[in-house]
Peer 1: 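Please read through the structure below; I'll follow up with questions.
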Number of protein chains: 2
Amino acid sequence: MNLTELKAIQLAELFSALSDASRIRIISLLIEGEMSVSALAEGLKMSESAVSHQLRGLRQMRLVRARKNGRQVFYSLDDDHVAKLYSMGLDHVEHG
Amino acid sequence: MNLTELKAIQLAELFSALSDASRIRIISLLIEGEMSVSALAEGLKMSESAVSHQLRGLRQMRLVRARKNGRQVFYSLDDDHVAKLYSMGLDHVEHG
DNA sequence: ATAATATATGAATGTTTGCTCAACTATTCA
DNA sequence: TGAATAGTTGAGCAAACATTCATATATTAT
């Protein structure tokens, strides 16, 4: 194998995106479908600012996608890899 | 779904274990087979102390297992979930 | 135009993290 | 026994991170 340093960093960045409970909960909501920032904030009992900051990180990693409609912004998962990693992790936590 | 806060934290902890380039490289070496701390340190060009600190975290998460032989300690992956998460992440980074 | 709503963003702050260094335990060798 | 080797551990420090607060931008309503 012999992983390059670059790929190690990229992999670490990918998993970093999933390494915080707030982001995990954001993703768990987005798995069910797209949601606005305020709906996420309400569902998570976090401030809209905090949610927006986290979404920015997820957006930069291309894990979520934003769709603007009027003054709302709807976020959804950009890619099913994320959902797969999520469910595989959940599996590990629940059983095994 | 409605993920509990506890499970969100556990999931985040699992992914945190994979969220650092040094740990990713440790895991990429352990995928090939068990290795002593000093062999890992040499392969990664890290101090044994730094490697040992990281291995402790991985051990506490039950991602690696330690086997002591004389004065050496050989580490290996505890569970193939880890290797699966790793290769799925690599897939995401390399293609798509 | 003004006000209200939805989101984004920068600075500030407290917490967490990864490493180094020094000290420690356990094991082998002489 | 004493010295050398392999690894672990705690303290300390700098860098990274998550949230809050205040402010800014964009859109809609009056």
Side-chain angles (χ1 to χ4, degrees), chain A residues 3 5 8-30 33-76 78, chain B residues 3 5 8-30 33-76 78:
Chain A
L3 195 64
E5 179 63 15
I9 291 171
Q10 292 176 327
L11 253 176
E13 280 173 352
L14 170 62
F15 288 118
S16 295
L18 305 169
S19 73
D20 172 80
S22 300
R23 284 191 297 272
I24 285 288
R25 292 168 74 226
I26 288 174
I27 288 166
S28 87
L29 288 177
L30 294 183
E34 69 173 12
M35 272 203 184
S36 71
V37 177
S38 49
L40 284 167
E42 201 198 331
L44 301 171
K45 285 176 192 151
M46 284 173 67
S47 73
E48 295 183 11
S49 177
V51 171
S52 187
H53 275 294
Q54 296 290 33
L55 286 169
R56 173 158 66 153
L58 293 170
R59 223 188 309 132
Q60 282 169 349
M61 300 265 182
R62 302 249 166 72
L63 300 188
V64 303
R65 187 180 344 140
R67 175 179 73 83
K68 191 167 183 178
N69 185 3
R71 49 189 149 184
Q72 299 192 88
V73 178
F74 291 93
Y75 280 86
S76 55
D78 191 1
Chain B
L3 196 64
E5 179 62 16
I9 291 171
Q10 292 175 327
L11 254 177
E13 281 173 351
L14 170 62
F15 289 118
S16 295
L18 305 170
S19 72
D20 171 80
S22 300
R23 285 191 298 272
I24 286 288
R25 292 168 73 225
I26 288 173
I27 288 167
S28 87
L29 288 177
L30 294 183
E34 71 174 8
M35 271 204 187
S36 70
V37 177
S38 48
L40 284 167
E42 202 198 331
L44 301 170
K45 284 175 194 151
M46 286 173 64
S47 73
E48 294 185 12
S49 177
V51 171
S52 188
H53 275 294
Q54 296 293 183
L55 286 169
R56 174 156 67 153
L58 292 170
R59 223 188 308 132
Q60 281 169 349
M61 299 268 180
R62 301 247 166 72
L63 299 189
V64 303
R65 186 178 346 132
R67 175 179 74 82
K68 190 166 183 177
N69 184 2
R71 51 190 148 180
Q72 300 192 89
V73 179
F74 291 93
Y75 280 86
S76 54
D78 191 0

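Hydrogens, waters and symmetry mates play no part in the numbers below; they use all other heavy atoms, side chains included. Letters go in sequence order (proteins before strands), and every chain restarts at 1.
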Peer 1: What is the distance, rounded to the nearest whole Å, between atom CZ of Arg59(A) and atom C1' of dA8(C)?
Peer 2: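 It is 8 Å, rounded to the nearest whole Å.
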Peer 1: Does the distance from a Lys or Arg side-chain N to an Asp or Glu carboxylate O, for Arg25(A) and Glu5(B), drop under 4.0 Å?
Peer 2: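 Salt bridge flag = yes for Glu5(B) with Arg25(A).
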Peer 1: I'd like to check Asp78(A) versus Leu58(A) (side-chain heavy atoms, cut-off strictly below 4.5 Å). Are they in contact?
Peer 2: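 Not in contact.
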Peer 1: Give the minimum heavy-atom separation between Ala17(B) and Arg23(B), together with the two atoms involved.
Peer 2: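 Closest approach of Ala17(B) to Arg23(B): O-NE, 2.8 Å.
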Peer 1: Sort me out a list of protein N/O and nucleotides 10-16 of chain D N/O pairs below 3.5 Å, or just none if empty.
Peer 2:
| from | atom 1 | to | atom 2 | distance (Å) |
| --- | --- | --- | --- | --- |
| dG10(D) | O6 | His53(B) | NE2 | 2.9 |

Peer 1: Please tell me if the side chains of Ser52(A) and Ser49(A) come closer than 4.5 Å, counting only heavy atoms from C-beta onward.
Peer 2: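 Counting from C-beta outward, Ser52(A) and Ser49(A) never come under 4.5 Å.
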Peer 1: Are Gln54(A) and Asp20(A) side-chain neighbours, meaning at least one heavy-atom pair lies under 4.5 Å?
Peer 2: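 Answer yes - side chains close enough.
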Peer 1: Give the rounded distance in Å between these two atoms: CE of Met46(B) and C1' of dC19(C).
Peer 2: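 Rounding to the nearest Å, CE of Met46(B) and C1' of dC19(C) are 8 Å apart.
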Peer 1: So, OP1 or OP2 of dC19(C): does either fall under 4.0 Å of a side-chain N or O from Ser22(B)?
Peer 2: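 Result: yes.
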Peer 1: Counting just side-chain N and O atoms, does Ser38(B) come under 4.0 Å of either OP1 or OP2 of dG7(D)?
Peer 2: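 Checking dG7(D) against Ser38(B), a side-chain N or O does come within under 4.0 Å of OP1 or OP2.
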Peer 1: Nearest of dA18(D), dT7(C), dT20(D) to any side-chain atom of Arg23(A)?
Peer 2: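 Taking heavy atoms from C-beta onward, the closest nucleotide is dA18(D).
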Peer 1: Rounded to the Å, how far apart are Glu48(B) CD and dC21(C) P?
Peer 2: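 So the CD-P distance, Glu48(B) to dC21(C), works out to 14 Å.
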Peer 1: Does any part of the side chain of Leu30(A), heavy atoms only, come nearer than 4.5 Å to the side chain of Leu40(A), both counted from C-beta?
Peer 2: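 Leu40(A) reaches Leu30(A) side chain to side chain.
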Peer 1: How close or far is atom P of dT7(C) from atom CE of Met35(A), stated in whole angstroms?
Peer 2: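 In whole Å, dT7(C) P lies 12 Å from Met35(A) CE.
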Peer 1: Rounded to the nearest Å, what distance is computed from the CG atom of residue Leu44(A) to the C1' atom of nucleotide dT7(C)?
Peer 2: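 To the nearest whole Å, that distance equals 16 Å.
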Peer 1: Scan residues 10-19 of chain A against DNA chain D and write down, sorted by residue number, each residue with any heavy atom closer than 4.0 Å; if none is found, say none.
Peer 2: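 DNA chain D contact set from residues 10-19 of chain A: none.
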Peer 1: Just how far, in rounded Å, is P of dC19(C) from CG of Leu40(B)?
Peer 2: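 Value for this atom pair: 13 Å.
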Peer 1: Lys45(B) has an atom NZ; how far is it from atom P of dC19(C), in whole Å?
Peer 2: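 Distance, rounded to whole Å: 16 Å.
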Peer 1: Is there a side-chain contact between Ile24(B) and Ile9(A) in this structure, where contact means two heavy atoms from C-beta onward sitting under 4.5 Å apart?
Peer 2: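 No. Closest side-chain heavy atoms not under 4.5 Å.
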Peer 1: Looking at DNA chain C, which of residues 62-75 of chain A put a heavy atom within less than 4.0 Å of it?
Peer 2: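 Contacts with DNA chain C under 4.0 Å: Arg71(A), Gln72(A), Val73(A), Tyr75(A).
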Peer 1: Looking at every strand, decide which applies to Ser52(A) at a 4.0 Å heavy-atom threshold: base, sugar-phosphate, or nothing.
Peer 2: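 Counting heavy atoms under 4.0 Å across all strands, the contact made by Ser52(A) includes a base.
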Peer 1: What are the two closest non-hydrogen atoms of Ser19(A) and Ser19(B), and how far apart are they?
Peer 2: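 In this case the closest contact between Ser19(A) and Ser19(B) is CB-CB, 4.0 Å.
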Peer 1: Rounded to the nearest Å, what distance is computed from the CG atom of residue Leu55(A) to the P atom of nucleotide dT19(D)?
Peer 2: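 Rounding to the nearest Å, CG of Leu55(A) and P of dT19(D) are 11 Å apart.
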Peer 1: Hey, could you give me the CG/CD1 distance between Leu18(A) and Ile27(A), rounded to the nearest 0.5 Å?
Peer 2: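 The CG atom of Leu18(A) sits 4.5 Å away from the CD1 atom of Ile27(A).
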Peer 1: Minimum heavy-atom separation for Arg59(A) and Val64(A), please, with both atom names.
Peer 2: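 Smallest interatomic distance, heavy atoms only, reads N-CG2, 3.7 Å.
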Peer 1: Please examine the side chains of Met61(B) and Leu14(B), heavy atoms only from C-beta on, and report whether any two atoms are closer than 4.5 Å.
Peer 2: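 No. Closest side-chain heavy atoms not under 4.5 Å.
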Peer 1: May I ask you to verify if any side-chain N or O of Ser47(B) is less than 4.0 angstrom from the OP1 or OP2 atom of dT20(C)?
Peer 2: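 Checking dT20(C) against Ser47(B), a side-chain N or O does come within under 4.0 Å of OP1 or OP2.
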Peer 1: Flag yes if more than 12 heavy atoms outside Arg67(B) fall under 6.0 Å of its CZ atom; otherwise flag no.
Peer 2: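 Result for CZ/Arg67(B): enclosed.
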